[in-house]
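I have placed the structure first, in the form of structure tokens, so that the comments after it can refer back to it.
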Number of protein chains: 2
Amino acid sequence: MTKDLYSIPDIIMSRLPVYYQHLKKLKESNKTYVSSEELAKLTGFSSSLIRKDLSYFGTFGRKSYGYDIFCLFQQIRIIMGFNYNKKIILIGAGHLGQALAYNKGYIERGYKLTAVFDKNPKLIGLVINDLEIKSISDLENYLSENKVDAAILTVPEAAAQKTADRLVAAGIKAIWSFAEVPIKVPADVLVEEQLINEGLCKLSVKMNQPRINKSEVEEDFDCEQK
Amino acid sequence: MTKDLYSIPDIIMSRLPVYYQHLKKLKESNKTYVSSEELAKLTGFSSSLIRKDLSYFGTFGRKSYGYDIFCLFQQIRIIMGFNYNKKIILIGAGHLGQALAYNKGYIERGYKLTAVFDKNPKLIGLVINDLEIKSISDLENYLSENKVDAAILTVPEAAAQKTADRLVAAGIKAIWSFAEVPIKVPADVLVEEQLINEGLCKLSVKMNQPRINKSEVEEDFDCEQK
DNA sequence: TAAATATTGTTAAAAAAATAACATATCCTA
DNA sequence: TAGGATATGTTATTTTTTTAACAATATTTA
């Protein structure tokens, strides 16, 4: 493969996890091959789009057969970097943080959760999913002694930026942030913002559409402008 | 507003929660107006795009001033349906379910979490965030006696489709699903799929890009095809 | 082995989305 | 009150993304 992959288009990247999930399921069936048409039925994307997406990365299919499920699954894992081992830590062991500590998704994606930190003395020392919650004051010390590839940020809104600054200062280059508003980091640090309530918003918008269509919306919110 | 809004383009819809978050923050500052240029700095979208997005819904700005923060915030709330009261229930009180039971995001978006269900007898009766966990066997009964607008689905993968079927049969028209693979529902039911590990995938892909560029990828995964 | 069938990978066309440009309107200052 | 500055809303242009079409090729069937 000679193509420069430095920047996979976001739109393609956003579909990779969907392909991954379906191939994972298919792998457990007794089928060996899957066609773009079948994948289209499963994913909701058009077969044409699927073939195009895959061809961006290489030539994986077999004419008149389709794609070898296991092989394609492996390819996508490699493209997504799942075959590469990464260590990740979690900062903030509140309700969401704890749920993420029990998340089963790390291993198959090449992550190992190696430490959990919190500020709350009542939480420090507790064990969640075999990891003892450490004091956030040990963060820098821990990071100087352990190579860590990424951090999950689930601290309260008010502490998010400060904590991110500490992570960056200690050398962390990738952050999965659950802060509600973007945190600022240097250009060489990756941040994946996760608006936890985005799905709730989308659902609300969609539920609301019939209502919005019926009424002359302006009246509702004449904001006494000007 | 005469424009038919029946289907807000997904791409615009996906930016609404971002505008919402920033306006919420701005509202707490001492500023009254914000320009598309300032919003661009905050959100990372271009000012042109922001003006275009907003103009899709109406004319909210004020020449040479910008947008009235509070007014725009209200408008976006109305577009997203946050001003409309909705009742939502949660099915599956595992780690993720519990975290979502404590989620602070419902109220401001017009949702009220009114019940939590689980199958596990050890959980039934426990109280999380002031709600006593009910037995899943009471689901149909509850739904026949209480008007509910949406359901959060956080049951284990294996139970997801069956549970969704029950919800649909009981009249639920909107589901926020955390199942890893799409659940099948009739056309008149809204489903918002939430791949909880999508952010983790994206982070992994991005971390992986420099590595993928360096190597001739094919070699890595010669799947002995054919 | 030849014809019919299936399905890819790619090219061409269409549609959608983003950006740039600008006319217009309002505000501010002198 | 005239002129410069500001920032919207919209139109034009460019770019990106998706869909459609199809040639190429492998498989299956007769």
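Proteins come first, then strands; the chains are lettered A, B, ... in the order of their sequence lines, and each starts at number 1.
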Query raised in the report: To the nearest Å, how far apart are A/Asp68 CG and C/dT8 P?
Result: 13 Å
Requested in this report: Calculate the interatomic distance between A/Ile11 atom CD1 and D/dT16 atom P; express it in whole Å.
Outcome: 13 Å
Report summary line: Between CD1 of A/Ile50 and C1' of D/dT19 the distance, given in whole Å, is 13 Å
Query raised in the report: By salt bridge (charged side-chain N to carboxylate O under 4.0 Å, His left out), which residues pair with B/Glu192, not counting sequence neighbours?
Result: A/Lys206
Report task. Check whether the side chains of B/Arg51 and B/Ser36 place a donor and an acceptor atom closer than 3.5 Å, and report yes or no. Result -> yes
Report task. Only pairs at least two apart or in different chains count here, so list each salt bridge (charged side-chain N to carboxylate O under 4.0 Å, His left out) that has a residue in residues 156-167 of chain A. Result -> A/Glu140-A/Arg166, A/Glu157-B/Lys25
Query raised in the report: Atom OH of A/Tyr33 and atom C1' of D/dA26: how far apart are they, to the nearest Å?
Result: 11 Å
Report summary line: Sorted by chain and residue number, the salt bridge (charged side-chain N to carboxylate O under 4.0 Å, His left out) partners of B/Asp10 (sequence neighbours excluded) come out as none
Query - With sequence neighbours excluded, residues passing salt bridge (charged side-chain N to carboxylate O under 4.0 Å, His left out) with B/Lys63 - result: none
Quick one: which protein N/O atoms are closer than 3.5 Å to N/O atoms of nucleotides 6-11 of chain D? Pair and distance per line, please.
unit_1 : atom_1 : unit_2  : atom_2 : d
D/dA7  : O4'    : B/Ser64 : N      : 3.1
D/dT8  : OP1    : B/Ser36 : N      : 2.7
D/dT8  : OP2    : B/Ser36 : OG     : 2.6
D/dG9  : OP1    : B/Phe60 : N      : 3.3
D/dG9  : OP1    : B/Gly61 : N      : 2.8
D/dG9  : OP2    : B/Tyr67 : OH     : 2.8
D/dG9  : N7     : B/Arg51 : NE     : 2.9
D/dG9  : O6     : B/Arg51 : NE     : 3.3
D/dG9  : O6     : B/Arg51 : NH2    : 3.0

Report task. Figure out the CG/C1' separation between A/Leu72 and C/dG9, and round it to whole Å. Result -> 14 Å
Query raised in the report: Within less than 4.0 Å of OP1 or OP2 of D/dT19, is there a side-chain N or O belonging to A/Ser46?
Result: yes
Query raised in the report: B/Asp10 CG to C/dA17 C1': how many Å, rounded?
Result: 13 Å
Query raised in the report: Under a 4.0 Å heavy-atom cut-off, which of residues 13-29 of chain B touch DNA chain C?
Result: B/Arg15
Requested in this report: Evaluate the side-chain proximity of A/Arg62 to A/Asp68: yes if any heavy-atom separation is below 4.5 Å, no if none is.
Outcome: no
Query - Side chains of A/Gln98 and B/Tyr102, donor plus acceptor under 3.5 Å - result: no
Query raised in the report: Are the side chains of A/Lys24 and B/Val181 in touch, meaning some heavy atoms are under 4.5 Å apart?
Result: no
**Report entry** Rounded interatomic separation in angstrom, taking CD1 from A/Ile8 and C1' from D/dT16
**Finding:** 17 Å
Report task. Can you tell me the distance, in whole Å, between the CG atom of B/Asp53 and the C1' atom of C/dT19? Result -> 13 Å
Query raised in the report: So, for A/Tyr67 and A/Tyr33, is the gap between ring centers shorter than 6.0 Å?
Result: no
